[in-house]
Amino acid sequence: MLEQDEFMNLSKMNFDVSEEQALVLEQVDRACKEFRPIEDKFYLEHKINDQIRPFFSKAHLLGIPTSRKYGDGQGADMMTYAMAVERIGREGTGLRTFFSVHMALGQMTIQHWGTEEQKARLLPPATRGDKVLAFGLTEPSAGSDPASLTTYFEEKGGKYYLTGQKMWISLGSTADQILVFAYPKGRREGMCGFVMDTTTPGYKAEVIPHKLGLPTADTSTVYLDKAEVSKEDVLGPPGKGMSVALSGLMNGRLSVAAGCVGVIQDCLDEAVRYAGVRFQHGKLIGKHQLIQRHIGLISLNLDAAKLLLLKAAFIKQKYEEDPKNVDLRDATDQAITKAKYFAANASFDAANRAVQVFGANGYSLENRPARHLADSRVTMIYEGANEILEQKIALGSLGKGFEAYS
Ligand SMILES: Cc1cc2nc3c(=O)[nH]c(=O)nc-3n(C[C@H](O)[C@H](O)[C@H](O)COP(=O)(O)OP(=O)(O)OC[C@H]3O[C@@H](n4cnc5c(N)ncnc54)[C@H](O)[C@@H]3O)c2cc1C
């Protein structure tokens, strides 16, 4: 634990926003403001928003954390990236999920594990939005325990053929390429990661209907029937697929934490605005102490969630600069897990309180708190369900030998 403490010293962390960082954040803020009416329309019509890719591609904002070497990559450091995703998160968890999957689970994972050839081939079109990326790990019988997945691959004539079913895959029906994980046929070890074109014969996806929230986001079931991948598209060392998947999830969790901080901010803004215009019992509801309690608690959680996020982003940046440092990787994993867990739960609580401040008007999807309530619920499930993260956080203190499961 001592080694980890070295990376956790808050007094060494600088959260000042530089001019360069501010420029990226202003660009994101402008795009989000312009995009809000478009997302609103799709939300109320309960349709998957197919305008995200063209709009944010035109704004050159689909490669924020990816190196400038590749296409539209902005090369943002992890603090800038986290703050950018936080801003996107204010617009809603559906929109933010697109960015988490395409940039964090997709591009960041390729950037970390890809060969130079793969990065040069796969990242430029992804950063420009010419190719959108999905991430297919979960299966009908393998969620929190991805090691139990049953999708398998066979090797024939220098190609791989994947067979199985992936479930709850964000962007599964709209992405052009998917990072997908499978075992060699007949084996329960040696998992491999692949980047597969979704146009390959044998790939089929169906949108999952009737979700609790995220109506503007594509969440799909993916069927693989001898779907072909070339040798050049094996991601990471053969047999190290689980490590590739877990590192992808770490990237994804940071972006979920950031998005949830954005949700809390939006709930606070909405609750404060409404409490300042709604009169009951002869005064503004913001003057009633019990309404003040809701607003005070949202604000408190916002500060706590944001500090955990910034700390996690700061440590992640150190890890990006020293990717072979295993202590730093573990410290990053802990910090990100804590930030994601706290922000996910706090965002749902903030949405619930904001709905309460709005009264009956909070029950209408015309108003933002209702949407946040429905949409933020998923953040306690995906990218590590609450229970899994609680055990992971405990293990950070208890140390090896106390694993709740293998
Ligand atoms: C909208 C949406 C989008 C998603 N997008 C993607 C995506 O793009 N790609 C992808 O691969 N997956 C995606 N997922 C899947 C998501 O990552 C999984 O739902 C998540 O990992 C949990 O798995 P599960 O749903 O199978 O739940 P299960 O693993 O079946 O868990 C059920 C419950 O049991 C608890 N539990 C399980 N194991 C333990 C344990 N050892 N100890 C204590 N409690 C335990 C869980 O915490 C949970 O409360 C998405 C899911 C949703 C809802």
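Computed from a prediction, not measured in an experiment: that's the story for all the values here. If you read the sequence from its start, that first residue is 1, and numbering goes on from there. First listed ligand is number 1; within each ligand, the first listed atom is number 1.
- Defined by atom type and a distance below 3.5 Å, a donor-acceptor pair is missing between the side-chain atoms of Ser141 and Glu139.
- A donor-acceptor contact closer than 3.5 angstrom links the side chains of Asp197 and Gln177.
- Taking the ring axis of Tyr223 as reference, the NZ or CZ atom of Lys204 stays within 45° of it and closer than 6.0 Å to the ring centre.
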Using the rule given for side chain to side chain contact (heavy atoms under 4.5 Å, CB included), can you reason through Leu133 versus Gln107, listing the C-alpha separation, both sets of side-chain angles and the distance that settles it, and then say yes or no? CA-CA 8 Å; Leu133 302 169; Gln107 291 172 48; 3.8 Å; yes
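- Listed by chain and number, the residues in a ring pair (Phe, Tyr, Trp, His ring centres under 6.0 Å) with Phe194 are Phe153, Tyr160 (sequence neighbours excluded).
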Please tabulate protein-ligand N/O pairs under 3.5 Å for ligand 1, atom names and distances to 0.1 Å.
unit_1	atom_1	unit_2	atom_2	d
ligand 1	5 (N)	Trp168	O	2.8
ligand 1	5 (N)	Ser170	OG	2.9
ligand 1	8 (O)	Ser170	N	2.9
ligand 1	8 (O)	Ser170	OG	3.4
ligand 1	9 (N)	Phe135	O	2.8
ligand 1	11 (O)	Leu137	N	2.9
ligand 1	11 (O)	Thr138	N	2.9
ligand 1	11 (O)	Thr138	OG1	3.1
ligand 1	12 (N)	Thr138	OG1	2.7
ligand 1	14 (N)	Trp168	O	3.1
ligand 1	23 (O)	Ser144	N	3.4
ligand 1	29 (O)	Ser144	N	2.8
ligand 1	29 (O)	Ser144	OG	2.6
ligand 1	42 (N)	Gln391	NE2	2.9
ligand 1	47 (O)	Glu387	OE1	2.7
ligand 1	49 (O)	Glu387	OE1	3.2

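- A salt bridge links Glu117 with Arg121: the closest approach of a Lys/Arg side-chain nitrogen to an acidic carboxylate oxygen falls below 4.0 angstrom.
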